[in-house]
Amino acid sequence: MEELKKTSPSQKFENLIKNYLHQGKEKLENDLVGTREAIKLIAKDKTKNFMRTMDFGLSEEERNCLHQLIITSMYQSFCYGYGIGKIEGETKQKVRL
């Protein structure tokens with residue numbers, strides 16, 4: 001209990017956002033199968049658009065790497081959005097990172 005009193009507001013916020021990021025990840029991995037599949041389809045389209053725009057072909061390994069990079073970024077964005085939404089819902093204030 002003494003440790004909680006010593007925790008600064010910024011540390012409390014950081015711990016709270018980490019907790020909500022973890023919750024968002026769990027929700028995405030376990031509950032939101034459709035969202036995960038949509039992210040994968042969007043990533044595939046973004047990879048094709050990249051190749052078309054750049055007028056540059058990629059090997060299968062390079063396409064897979066770019067595809068996974070886009071998926072990972074979208075997963076992170078989802079988790080941050082989820083976490084920020086939870087904090088804003090509790091505090092009734094806008095959160096800026």
Side-chain angles (χ1 to χ4, degrees):
M1 195 66 161
E2 285 296 316
E3 285 183 29
L4 290 176
K5 291 180 183 179
K6 294 178 184 178
T7 306
S8 71
S10 63
Q11 287 174 324
K12 288 179 185 178
F13 177 80
E14 189 175 322
N15 291 338
L16 190 60
I17 194 73
K18 283 181 182 179
N19 183 34
Y20 287 144
L21 286 171
H22 181 72
Q23 283 181 19
K25 181 182 176 191
E26 289 292 317
K27 192 168 234 12
L28 188 59
E29 288 177 352
N30 299 319
D31 298 338
L32 303 173
V33 176
T35 301
R36 276 196 339 263
E37 291 305 313
I39 287 172
K40 289 176 185 176
L41 291 173
I42 291 168
K44 190 173 185 178
D45 286 343
K46 295 289 182 190
T47 301
K48 287 179 185 176
N49 287 340
F50 172 80
M51 291 183 343
R52 196 174 303 125
T53 302
M54 297 302 293
D55 194 25
F56 185 77
L58 298 174
S59 69
E60 185 175 349
E61 184 179 330
E62 291 168 329
R63 281 193 308 271
N64 289 338
C65 181
L66 180 57
H67 188 245
Q68 286 302 315
L69 179 65
I70 294 168
I71 288 173
T72 301
S73 298
M74 291 178 74
Y75 281 5
Q76 282 183 327
S77 295
F78 174 88
C79 292
Y80 272 101
Y82 179 88
I84 290 169
K86 293 282 282 189
I87 290 173
E88 287 178 346
E90 286 179 7
T91 62
K92 307 287 190 243
Q93 296 176 3
K94 287 282 185 195
V95 174
R96 294 175 193 241
L97 297 177

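Computation of the quantities below employed the complete heavy-atom set of this structure, encompassing side-chain atoms and omitting hydrogens, waters and symmetry-equivalent molecules.
Counting heavy atoms from C-beta outward, Leu66 and Met51 have side chains that stay 4.5 Å or more apart.
A search for side chain to side chain contact (heavy atoms under 4.5 Å, CB included) contacts involving Ile71 returns Ile39, Lys40, Ala43, His67, Gln68, Tyr75, not counting sequence neighbours. For Gln23, the side chain to side chain contact (heavy atoms under 4.5 Å, CB included) partners are Asn19, Tyr20, Tyr82, Lys86, not counting sequence neighbours. Remark: Glu37 engages no residue in a side-chain hydrogen bond (donor to acceptor under 3.5 Å, both in side chains) (not counting sequence neighbours). Take Glu26 and apply the side-chain hydrogen bond (donor to acceptor under 3.5 Å, both in side chains) test, not counting sequence neighbours, and it matches Asn30. Annotation: side-chain hydrogen bond (donor to acceptor under 3.5 Å, both in side chains) contacts of Lys18 (sequence neighbours excluded): Glu14.
Here the straight-line distance linking atom NE2 of His22 with atom SG of Cys79 works out to 10.0 Å at 0.5 Å rounding. In this structure, CG on Leu16 lies 13.5 Å from CD on Gln11, to the nearest 0.5 angstrom. Atom NZ in Lys25 sits 10.0 Å away from atom CD in Gln76 (nearest 0.5 Å).
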From CA spacing to verdict: side chain to side chain contact (heavy atoms under 4.5 Å, CB included), Ile70, Phe50
CA-CA 11 Å; Ile70 294 168; Phe50 172 80; over 6 Å; no
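Of all non-hydrogen atoms in Ile84 and Ile17, the two that sit nearest each other are N-CD1, 4.1 Å.
Listed by first and then second residue, the side-chain hydrogen bond (donor to acceptor under 3.5 Å, both in side chains) pairs involving residues 51-63 are Asn49-Arg52, Ser59-Glu62 (not counting sequence neighbours).
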